[in-house]
Peer 1: 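Structure below; questions to follow.
Side chains included, hydrogens not; waters and symmetry mates left out as well; all remaining heavy atoms used. By convention in this document, chain letters (A, B, ...) are assigned in the order of the sequence lines, proteins followed by strands, and residues within each chain are numbered from 1.
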Amino acid sequence: MPKKFWLMKTEPDVFSIDDLKNAADATDRWEGVRNYQARNFMRDQMKKGDEVLFYHSNAEPSGVVGVAVVTKEAYPDPTALDPNSKYFDEKSAQLGESRWLMVDVSFKFKFQRTVTLKAIKEHPKLNTMRVAQKGQRLSIQPVLKEEFQEVKKLGGLAKDSF
DNA sequence: GCCAACGTTGGC
DNA sequence: GCCAACGTTGGC
């Protein structure tokens, strides 16, 4: 199975690329996905080693800020069963098991500059990406290898990359 | 803070 | 199984 490429959205106020970079082992759980399409992408297609465009939404500016890699494949998201979590899910609690899944991702590198949503929309090779489509809210979406490489080129590598 | 888009829920 | 109401996302 060849490596796949993804875009994953997060609000930097909640979880930013710096949070991931500074996490233990620069790895964290991608918890809180509560959308079936996104969950099914994780469950059915996302593999260890797949590369991820790390996207900041509701940010100034919104855009892709770096790259992460999938380090653990889909497994149950325990926050769905935690009444104190903002990701608590009543139906999962009734069921006694989490309906929701998450993966682990590790920090790879941060871009020198954010590849903004505006730049993506204006770029002839990138404006077909799902994230550029109006009303597209899917928080985990597949990306073509060519798109991934182009975004990476536009972002450049930061000094502290590894 | 507004609001369009769109996914989910629940009544029927 | 339809669809109106409701909630959430996320750009602006």
Side-chain angles (χ1 to χ4, degrees), chain A residues 4-23 28-46 50-70 73-105 107-108 110-144 146-148 150-156:
Chain A
K4 286 197 173 61
F5 300 90
W6 304 94
L7 180 145
M8 294 170 87
K9 293 183 190 173
T10 173
E11 297 190 38
D13 291 348
V14 179
F15 185 71
S16 72
I17 193 157
D18 291 321
D19 293 331
L20 180 62
K21 186 182 162 193
N22 297 327
D28 219 325
R29 302 168 158 192
W30 202 273
E31 65 187 27
V33 173
R34 296 293 178 266
N35 171 282
Y36 287 107
Q37 245 187 306
R39 182 196 69 181
N40 296 347
F41 275 134
M42 289 195 285
R43 184 188 63 195
D44 304 333
Q45 297 192 40
M46 202 174 271
D50 284 1
E51 293 197 67
V52 174
L53 294 175
F54 199 105
Y55 182 91
H56 281 175
S57 61
N58 270 321
E60 196 47 60
S62 293
V64 181
V65 291
V67 172
V69 60
V70 176
E73 292 173 14
Y75 62 108
D77 179 349
T79 62
L81 298 174
D82 177 3
N84 297 317
S85 170
K86 68 174 194 163
Y87 302 121
F88 177 68
D89 173 44
E90 188 69 48
K91 289 210 172 160
S92 293
Q94 285 168 11
L95 208 64
E97 62 179 346
S98 181
R99 296 190 291 166
W100 299 106
L101 298 172
M102 61 188 187
V103 296
D104 286 358
V105 298
F107 176 81
K108 272 198 91 179
K110 193 171 163 178
F111 289 157
Q112 277 177 312
R113 48 195 171 270
T114 300
V115 181
T116 62
L117 180 61
K118 183 168 183 287
I120 289 171
K121 284 180 172 170
E122 287 171 353
H123 194 295
K125 284 186 193 160
L126 300 180
N127 59 16
T128 51
M129 288 175 69
R130 296 182 79 141
V131 72
Q133 310 310 310
K134 194 178 174 183
Q136 179 54 256
R137 302 181 310 178
L138 193 59
S139 62
I140 298 179
Q141 41 187 273
V143 164
L144 299 177
E146 298 72 32
E147 295 166 343
F148 184 91
E150 187 63 26
V151 171
K152 206 162 111 176
K153 200 171 93 186
L154 292 174

Peer 1: Write down the atom of A/Leu81, the atom of A/Ser92, and the distance for their closest heavy-atom approach.
Peer 2: CD2-O, 3.5 Å
Peer 1: Whether the A/Ser85 and A/Asp82 side chains hold a donor-acceptor pair (N or O, under 3.5 Å, no angle test) is what I'd like checked.
Peer 2: no
Peer 1: Can you tell me how far P of B/dG7 sits from CD of A/Gln141, to the nearest Å?
Peer 2: 13 Å
Peer 1: Kindly give the heavy-atom pair with the smallest separation between A/Arg113 and A/Leu154, and that separation in Å.
Peer 2: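 Taking A/Arg113 first and A/Leu154 second, the nearest heavy atoms are NE-O, 3.0 Å.
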Peer 1: Checking side-chain hydrogen bond (donor to acceptor under 3.5 Å, both in side chains) between A/Asp77 and each of A/Arg99, A/Arg39, A/Arg34, which is the one that passes?
Peer 2: A/Arg34
Peer 1: Could you check A/Trp6, A/Phe148, A/Trp30 and say which one makes a ring-ring contact (aromatic ring centres under 6.0 Å, His included) with A/Phe54?
Peer 2: A/Trp30
Peer 1: Does any residue of residues 119-133 of chain A have a heavy atom under 4.0 Å from DNA chain B, and if so, which ones, in number order?
Peer 2: none
Peer 1: Rounding to an integer number of Å, can you tell me how far A/Gln37 CD sits from B/dT8 C1'?
Peer 2: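 Distance check: A/Gln37 CD to B/dT8 C1' gives 13 Å.
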Peer 1: Scan nucleotides 9-11 of chain B against the protein and return all N/O pairs shorter than 3.5 Å with their distances rounded to 0.1 Å.
Peer 2:
none

Peer 1: My understanding is that only residues two or more places apart in sequence, or in another chain, count here; which of them pass ring pair (Phe, Tyr, Trp, His ring centres under 6.0 Å) with A/Tyr87?
Peer 2: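 Not a single residue meets the ring pair (Phe, Tyr, Trp, His ring centres under 6.0 Å) criterion with A/Tyr87.
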Peer 1: For the ring pair A/Tyr36 and A/Trp100, is the centre-to-centre distance below 6.0 Å?
Peer 2: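 Between A/Tyr36 and A/Trp100, the centre distance is under 6.0 Å.
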Peer 1: Heavy-atom nearest nucleotide on DNA chain B for A/Gly135 versus A/Asn58: which residue maps closer to 5'?
Peer 2: A/Asn58
Peer 1: Tell whether A/Arg34 reaches the base of C/dT8 with its side chain through a donor-acceptor pair below 3.5 angstrom.
Peer 2: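 No pair found.
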Peer 1: Considering the options A/Leu117, A/Ile17, A/Thr114, which one meets the side-chain contact (heavy atoms from CB on, under 4.5 Å) requirement together with A/Tyr55?
Peer 2: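 The residue from A/Leu117, A/Ile17, A/Thr114 that satisfies side-chain contact (heavy atoms from CB on, under 4.5 Å) with A/Tyr55 turns out to be A/Leu117.
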Peer 1: Using whole Å, what does the distance between atom P of nucleotide B/dT8 and atom CG of A/Asn40 come to?
Peer 2: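 Answer to the nearest Å: 10 Å.
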Peer 1: A/Trp100 CH2 to B/dG7 P: how many Å, rounded?
Peer 2: 13 Å
Peer 1: In whole Å, what is the span from the CG atom of A/Asn35 to the P atom of B/dG7?
Peer 2: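 Checked: the CG to P distance equals 8 Å.
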